[in-house]
Visitor: 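Dumping the structure here so I can ask a few things about it.
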Amino acid sequence: MAYANAQELLDAIQPATGGTEIFDPATGELVGRVEQQTAEDLDAAVASAKAAQPAWDKLGHAERKRLLNAAADNIEANAEALAELLSREQGKPLNGPNARFEVGGAAAWLRAATAYEVEPEVIVDDGETYAAKHFRALGVVGAIGPWNWPVMISIWQLAPSLRMGNTVVMKPSEYTPLSVLALVHILNEVLPADVLQIVAGGREVGEKLSGHPDIAKIMFTGSTRTGKAIIRSSADTVKRLTMELGGNDAGIVLEDADPKAIAQDLFWGAFINTGQTCAALKRLYVPESIYDEVCAELTAVAKAMPMGVGLDENNVLGPLQNKAQYDIVAGLVADAVNSGATVLLGANPDEQAKGYFYPTTLIADIDPDNRLVTEEQFGPALPIIKVKNSAEAVAHANSLEVGLGASVWSSDRDKALEVAAQIESGTVWINSHGTIDPRIPFGGAKQSGYGLEFGLDGLKSLAQPQIIKG
């Protein structure tokens, strides 16, 4: 079914009366209502998913691929309604790399989960011994999603799970449940009954899901602190885990880089989704020889980027999604300013304005040990740290316990590759940052998590390897 607008889609998913109210972080206006479900509701959803899993697995890869592509068609048929709802609930603008981009990416990633053949791998075949690795469904996968990219990351979790013959029970963030409920509703117009379930609830639901004996694997995207709690909860049942946790990604500019040429890509590497991205560029190390020029060019780009209510077609930056995140960003920037760092742009929020808007902020001449550098801000504030050379930059980049992504910026690819090899992170981009690709595996290092998503590796991570010898 194609929904004409966000309100029509909302009417299909929200309770007729009651429920918890969800407000627009840009305007404070009511978006919709969501029924708060309980641990008992989760038990029922898991039981239904478990009962549906054998038949779903028995359909085989070809039929599951057909259904997932049909589900992607339905996302595309409802893209504008879903993007409008996402913009109102999460705050991100319709335009730029934001709501429409996210919904389009969700359809593309869903199709990408069907793009690979998952064949048994022959390990030994020497005439005497034959052994092959097969990839079997795990059972029921529990997916716990975040509020920053609620639609796209939900697809990252559910698409490979379903493709590999598992059924899925999702728990969306309490901040952005409506977008994910709408997504699941759209998908379930195509998918067989009960293979994809969603339970919108609070902490007790998440805790029950991560320790539930009938959940075979947890996929989680969110903070390192919450990830550690999930790991502990999952231990008694020895669940398989894919954990994409917090990051504080470093960008390293080399002396041969062209400041003007890289400024726009630096900006979007840091400020995509108004900085609310795990793999955004969150600390930028620049050699003193080109420091002032990089600061000037980046400031010029940042000044030209309009911020405001997401439904205004002119805006490309939005509010922080919630008050708690606003307070984190404001506190870290205040500490930096009080320490004597230089404000190139921003750091002057209008406390009387509606919505959780924090201005685009660039901070220079900052100590590398300042909290704005060493703690993940997850918002529109970028510290720019002056270094003598790439060796000093790499030492700073590797000094933290996180390692999701990083980037190197240079006119010399060989030099950039040499520096990239020294950085402790799951991904290092050259002359871009955060440019993920559904064909290329993605995962963290150190306390930014473990397990791979995307591509063939991502599909195999949603299966139980089975060796058959004989």
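Scope of the values below: all heavy atoms of this structure, side chains included, with no hydrogens, waters or symmetry mates.
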Visitor: Hey, does the side chain of Asp350 reach the backbone of Gln352 with a donor-acceptor pair shorter than 3.5 angstrom?
Guide: yes

Visitor: Quick one: does Ser461's side chain get under 4.5 Å of Leu452's, heavy atoms only?
Guide: no

Visitor: If the threshold is 4.0 Å, N to carboxylate O, is there a salt bridge linking Arg371 and Glu376?
Guide: no

Visitor: Considering only heavy atoms from C-beta outward, does the side chain of Val34 approach that of Gln14 to under 4.5 Å?
Guide: no

Visitor: Verify whether one side chain among Ser407 and Trp409 offers a donor that lies under 3.5 Å from an acceptor in the other.
Guide: yes

Visitor: Given salt bridge (charged side-chain N to carboxylate O under 4.0 Å, His left out), test Glu80 with Arg100 step by step and report yes or no.
Guide: CA-CA 7 Å; Glu80 191 63 16; Arg100 289 179 177 130; 2.8 Å; yes

Visitor: Would Leu245 and Gln447 count as a side-chain contact (heavy atoms from CB on, under 4.5 Å) here? Give the steps.
Guide: CA-CA 7 Å; Leu245 307 181; Gln447 292 192 32; over 6 Å; no

Visitor: Can you tell me how far apart OG1 (Thr114) and CG (Leu459) are? Round to the nearest 0.5 Å.
Guide: 9.5 Å

Visitor: Give, for atom CD1 of Ile440 and atom CD of Glu453, the distance between the pair rounded to the nearest 0.5 Å.
Guide: 14.5 Å

Visitor: Identify the heavy atoms of Gly201 and Val205 that sit nearest to each other, and give their distance.
Guide: CA-CG2, 3.9 Å

Visitor: Are any of the side-chain heavy atoms of Leu254 and Asp412 separated by less than 4.5 Å?
Guide: no

Visitor: Under 3.5 Å, is there a donor-acceptor pair between the Lys239 and Thr237 side chains?
Guide: yes

Visitor: Test your reading of the model: is there a side-chain donor-acceptor pair from Ser410 to the backbone of Arg413, 3.5 Å cut-off?
Guide: no

Visitor: Are the side chains of Leu400 and Arg283 in touch, meaning some heavy atoms are under 4.5 Å apart?
Guide: yes

Visitor: Is the closest basic N to carboxylate O distance between Arg439 and Asp437 below 4.0 Å?
Guide: yes

Visitor: Verify side-chain contact (heavy atoms from CB on, under 4.5 Å) between Asn348 and Tyr358, making sure each step is shown before the conclusion.
Guide: CA-CA 8 Å; Asn348 57 343; Tyr358 196 90; over 6 Å; no

Visitor: Verify ring-ring contact (aromatic ring centres under 6.0 Å, His included) between Phe378 and Trp147, making sure each step is shown before the conclusion.
Guide: CA-CA 12 Å; Phe378 215 69; Trp147 49 257; 5.5 Å; yes

Visitor: Output the distance between atom NE2 (His185) and atom CG (Leu9), rounded to the nearest 0.5 Å.
Guide: 6.5 Å

Visitor: Where do Ile252 and Ala397 come nearest, in terms of heavy atoms and distance?
Guide: CD1-CB, 4.2 Å

Visitor: Would you say the side-chain atoms of Thr226 pair up with the backbone N or O of Gly222, donor to acceptor, closer than 3.5 Å?
Guide: no

Visitor: Tell me whether Arg163 contacts the main-chain N or O of Ala113 through its side chain, where contact means a donor paired with an acceptor under 3.5 Å.
Guide: yes

Visitor: Keeping the roles fixed (side chain from Gln276, backbone from Asn273), state whether a donor-acceptor pair exists under 3.5 Å.
Guide: yes

Visitor: Quick one: does Pro25's side chain get under 4.5 Å of Tyr356's, heavy atoms only?
Guide: yes

Visitor: Under the side chain to side chain donor-acceptor pair (under 3.5 Å) test against Trp149, which residue among Thr277, Asn98, Thr176, Thr221 passes?
Guide: Thr277

Visitor: Between Ala2 and Ala77, what is the shortest heavy-atom contact and its length?
Guide: CB-O, 4.0 Å

Visitor: OG1/Thr17 to CD/Glu35 distance, rounded to the nearest 0.5 angstrom?
Guide: 9.5 Å

Visitor: Please check: side-chain N/O of Gln37 versus main-chain N/O of Ala200, any donor-acceptor pairing under 3.5 Å?
Guide: yes

Visitor: Just by distance, do the side chain of Asp365 and the backbone of Ala341 share a donor-acceptor pair under 3.5 Å?
Guide: no

Visitor: Would you sort out whether Trp429 and Leu281 count as a side-chain contact (heavy atoms from CB on, under 4.5 Å), showing the intermediate values?
Guide: CA-CA 11 Å; Trp429 292 277; Leu281 197 167; over 6 Å; no

Visitor: So which atom in Glu89 and which in Gln321 form the shortest heavy-atom distance, rounded to 0.1 Å?
Guide: O-NE2, 3.0 Å

Visitor: Can you tell me if His433 and Asp249 form a side-chain donor-acceptor pair at under 3.5 Å?
Guide: yes

Visitor: Please find out if less than 6.0 Å separates the ring center of Trp156 from that of Phe220.
Guide: no

Visitor: Taking Tyr175's backbone N and O only, do any of them form a donor-acceptor pair with Asn322's side chain (distance below 3.5 Å, no angle check)?
Guide: no

Visitor: Taking the side chain as every heavy atom from C-beta outward, state whether Lys92 and Thr274 have any pair of such atoms under 4.5 Å apart.
Guide: no

Visitor: Using a cut-off of 6.0 Å, state whether more than 12 heavy atoms not belonging to Lys446 lie near its atom NZ.
Guide: yes

Visitor: Please tell me if the side chains of Met219 and Leu462 come closer than 4.5 Å, counting only heavy atoms from C-beta onward.
Guide: yes

Visitor: Can you see which heavy atom on Ser448 is nearest to which on Val402, and at what distance?
Guide: OG-CB, 3.4 Å

Visitor: Look only at the side chain of Asn95 and the backbone of Glu313, and say whether a donor-acceptor pair between them is shorter than 3.5 Å.
Guide: yes

Visitor: Please check: side-chain N/O of Gln157 versus main-chain N/O of Val168, any donor-acceptor pairing under 3.5 Å?
Guide: no

Visitor: Using 0.5 Å steps for rounding, measure from the CZ atom of Phe271 to the NZ atom of Lys282.
Guide: 11.5 Å

Visitor: Using a strict 4.0 Å threshold on nitrogen-to-oxygen distance, state whether Lys260 and Glu293 make a salt bridge.
Guide: no

Visitor: Any chance you could lay out the side-chain contact (heavy atoms from CB on, under 4.5 Å) test for Glu288 and Val387, step after step, and finish with the verdict?
Guide: CA-CA 6 Å; Glu288 53 193 9; Val387 293; over 6 Å; no

Visitor: Surrounding CD of Glu418 (heavy atoms of other residues, nucleotides or ligands, distance under 6.0 Å), is the total greater than 12?
Guide: no

Visitor: Using the side chain to side chain contact (heavy atoms under 4.5 Å, CB included) rule, pick out the option among Thr360, Leu372, Leu298, Thr361 that qualifies with Leu382.
Guide: Leu298

Visitor: Compare every heavy atom of Ser210 with every heavy atom of Glu207, then report the nearest pair and how far apart it is.
Guide: O-OG, 3.1 Å

Visitor: Can you tell whether the side chains of Asp73 and Arg111 come within less than 4.0 Å, N to carboxylate O?
Guide: yes

Visitor: In Å, rounded to the nearest 0.5 Å, how long is the span from CG of Asn74 to OH of Tyr3?
Guide: 8.0 Å

Visitor: For a quick check under 3.5 Å, do Asn166 and Ser161 share a side-chain donor-acceptor pair by atom type?
Guide: no

Visitor: Is Glu29 paired with Lys354 through a side-chain N to carboxylate O contact shorter than 4.0 Å?
Guide: no

Visitor: When you compare the side chain of Ile231 with that of Tyr450, does any pair of heavy atoms fall below 4.5 Å?
Guide: yes

